[in-house]
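Bear in mind that the values here come from a model prediction, so they are computed numbers and not experimental data. These numbers come from the heavy atoms of this one structure, side chains and all, not from hydrogens, waters or symmetry mates.
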Amino acid sequence: MNHWKKGALAAALCAVLLLGMAVPAFGTPSTVYLMAVNDTVMETTAENVPAMVDGMLYVPYTMLSSRISGIDLKVSAVYIATRRTLLVSSGQKGVMFDTQTNTAQDLQGNSLPVRAVVRNSMVFVPIDWVCEYFGTISCSRVRTRYGTLVRLTNSAAILSDVEFVDAGDSLLADSLRRYLSTVENGGGTGASPSSQPEPSSAPSQAELYLAFRWGEQAEEIARMLEGRGERALFFFTPDELREQDDLVRRLVGAGHTVGLSLEGASGPDCLAQAEEGRRVLAAAAWCSALVVRADQLEQEGWEELTQAGYVRWTATSRGEDYSAGAALVEELDPKRMNYVELECGQGSAAFLRGALSAMDEEVCRIRQATASALS
């Protein structure tokens, strides 16, 4: 190690000891925790530094947020400021932490023996309990020369803990320096954990069109939407229209929009499928299909469909890209219209239920995707 690095390290460690005596700490005064998610070092500040509470390690929920960390652990966390609740979920499994009542429940409403804590408007979760509950992520602690590294990983992590610490030496040193800077600049109050955070973010108020590809839970999903006074766009292939004609008539009668899923790769192929689907739908439900989706079609082919009077659907968000419905809602863009596409297969109703709950909290507005609205 060169003289500069030795000097910097000595100064940093000295600062840690001095700050441990001078600043009230959330947890053990002499302990500095740094953070990493998979193979990325996360920023540690006076507000989000992990801590021990009642013998349990608590980490900021942001370590689980793909929007903030940029890493999808397949276990997501969404803080709903308007209700001061935190949803941690993966697929059909989840925990709702209520920081006002200091309680937690699973998605079925069963009480769980765990709680979240709050400091400086940041919500912290007991990470070992969370890891055990979901079973797909793990948390390790590694002693380094810069402090204790708290590292969350899933199967996508490449480096072992030892390899990561070795490869990330300079990044950990920088993380410690930045953390000390936030403390020196007055960041954090050192207040005891509280269950009354200030809202950390305003509702997104995003707008979206909602579309579904046909699957076994299509009718359940349609009824769920109708119970909320919402209508959506449902896509079928021409063959699915024939096989599900009773369901198609019910969807049309309830006011939903029916569109066509086209599987061709060329304009003529897709146009032929579209015309066939249009005839089938007219015979089954006395209405016309104008909205089409075709993932494999190039721009030239789309021009042919447009000239024939069809309206293009292009998704900006797809359900299969997210671990839970709340995680999808977290990524909606409040500055533009969002085109959200989900499937109706097994587990989709639970995914939608989580998404709708998050949309309510974020004051999202669902608009019906009709041909006139999309054109």
Side-chain angles (χ1 to χ4, degrees), residues 207-226 230-322 328 336-349 351-352 366-375:
E207 291 188 310
L208 65 144
Y209 290 122
L210 193 55
F212 296 88
R213 303 188 302 274
W214 180 84
E216 61 190 69
Q217 293 191 337
E219 185 165 6
E220 180 180 355
I221 285 171
R223 292 189 186 281
M224 189 187 308
L225 292 169
E226 290 158 19
E230 305 285 2
R231 299 297 185 272
L233 168 61
F234 286 84
F235 283 108
F236 296 80
T237 66
D239 287 341
E240 289 166 350
L241 284 174
R242 292 190 184 89
E243 296 166 358
Q244 305 296 325
D245 55 346
D246 287 340
L247 172 61
V248 169
R249 281 189 287 271
R250 201 198 76 74
L251 291 174
V252 171
H256 297 282
T257 305
V258 174
L260 298 172
S261 283
L262 309 179
E263 299 175 343
S266 70
D269 286 346
C270 284
L271 185 57
Q273 289 181 40
E275 292 298 317
E276 178 189 3
R278 202 169 182 173
R279 289 192 295 270
V280 173
L281 183 59
W286 294 93
C287 69
S288 180
L290 294 176
V291 183
V292 296
R293 60 178 297 277
D295 290 342
Q296 302 177 47
L297 191 59
E298 299 294 336
Q299 182 59 37
E300 184 178 348
W302 275 114
E303 292 175 0
E304 293 185 47
L305 287 174
T306 301
Q307 291 173 2
Y310 292 97
V311 177
R312 179 177 184 174
W313 165 269
T314 301
T316 57
S317 300
R318 296 177 186 271
E320 56 264 35
D321 295 331
Y322 298 88
L328 184 153
R336 62 175 177 82
M337 181 62 73
N338 298 269
Y339 298 78
V340 178
E341 181 177 312
L342 309 176
E343 62 177 356
C344 296
Q346 186 175 11
S348 297
F351 185 98
L352 177 62
I366 300 174
R367 297 191 179 278
Q368 186 174 359
T370 62
S372 58
L374 296 174
S375 59

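Residues Thr257 and Arg231 are not in side-chain contact: their nearest non-hydrogen atoms beyond the backbone lie 4.5 Å or more apart. Taking the side chain as every heavy atom from C-beta outward, Val291 and Leu260 never approach each other to under 4.5 Å. For the pair Gln217 and Glu220, the minimum side-chain heavy-atom distance is below 4.5 Å. Here the side chains of Arg312 and Thr306 are not in contact, with every heavy-atom distance at 4.5 Å or above. Put simply, the side chain of Leu297 reaches to within 4.5 Å of the side chain of Leu305, judged on heavy atoms. For the pair Phe234 and Val252, the minimum side-chain heavy-atom distance is 4.5 Å or more. Put simply, the side chain of Leu342 reaches to within 4.5 Å of the side chain of Phe351, judged on heavy atoms.
With hydrogens and angles ignored, the 3.5 Å screen pairs a side-chain donor or acceptor of His256 with a backbone N or O of Ala232. No donor-acceptor distance shorter than 3.5 angstrom exists from the side chain of Asp295 to the backbone of Arg293, with no hydrogens or angles considered. With hydrogens and angles disregarded, a donor-acceptor distance shorter than 3.5 Å links the side chain of Glu240 to the backbone of Thr237. When atom types are taken as modelled, the side chain of Asn338 and the backbone of Glu207 share a donor-acceptor pair closer than 3.5 angstrom. In this structure, the side chain of Gln273 does not engage the main chain of Pro268 through any donor-acceptor pair within 3.5 Å. Gln296 places no side-chain N or O within 3.5 Å of a backbone atom of Gly264 that could act as its donor or acceptor partner.
The pair Glu230-Arg367 does not meet the salt-bridge criterion, since no charged nitrogen lies less than 4.0 angstrom from a carboxylate oxygen. We find that Glu219 and Arg250 are joined by a salt bridge, their nearest charged nitrogen and carboxylate oxygen being less than 4.0 Å apart. Ion pairing of Asp245 with Arg249 is present here, as a side-chain N (NZ or NE/NH1/NH2) and a carboxylate O approach within less than 4.0 Å. The existence of a salt bridge linking Arg318 and Asp321 is excluded, since no basic side-chain nitrogen approaches an acidic carboxylate oxygen closer than 4.0 Å.
Within 6.0 Å of CD in Glu300 there are 12 or fewer heavy atoms belonging to other residues, nucleotides or ligands. Remark: Glu303 CD is packed, more than 12 non-hydrogen atoms of other residues, nucleotides or ligands lying under 6.0 Å away. Annotation for Glu320: atom CD counts as buried by contact number, over 12 foreign heavy atoms lying within 6.0 Å.
Checking Glu341 against Ser317 by side-chain atom types alone, no donor-acceptor pair falls below 3.5 Å.
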Yes or no on side-chain contact (heavy atoms from CB on, under 4.5 Å) for Leu233 and Tyr339, after CA distance, side-chain angles and deciding distance? CA-CA 11 Å; Leu233 168 61; Tyr339 298 78; over 6 Å; no
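Atoms CG and CZ, from Leu281 and Phe236 in turn, are 9.0 Å apart once rounded to the nearest 0.5 Å. Interatomic distance, CD1 of Ile221 versus CD of Glu343, reported as 8.5 Å (0.5 Å rounding). Atoms OH and OG1, from Tyr209 and Thr316 in turn, are 11.5 Å apart once rounded to the nearest 0.5 Å. How far CG of Asp239 is from CH2 of Trp214: 11.5 Å, rounded to the nearest 0.5 Å. Rounding to the nearest 0.5 Å gives a distance of 9.5 Å between SG of Cys270 and CD of Glu304. To the nearest 0.5 Å, atom CG of residue Leu352 and atom CG of residue Leu210 are 6.5 Å apart.
For the residue pair Leu290 and Gly309, the shortest heavy atom distance occurs at CD2-O, 3.9 Å.
Annotation: cation-pi pair Arg278/Tyr310 present, NZ/CZ under 6.0 Å from the ring centroid and within 45° of its normal.
By the 30° and 60° cut-offs, the orientation of the rings of Phe235 relative to Trp313 is tilted.
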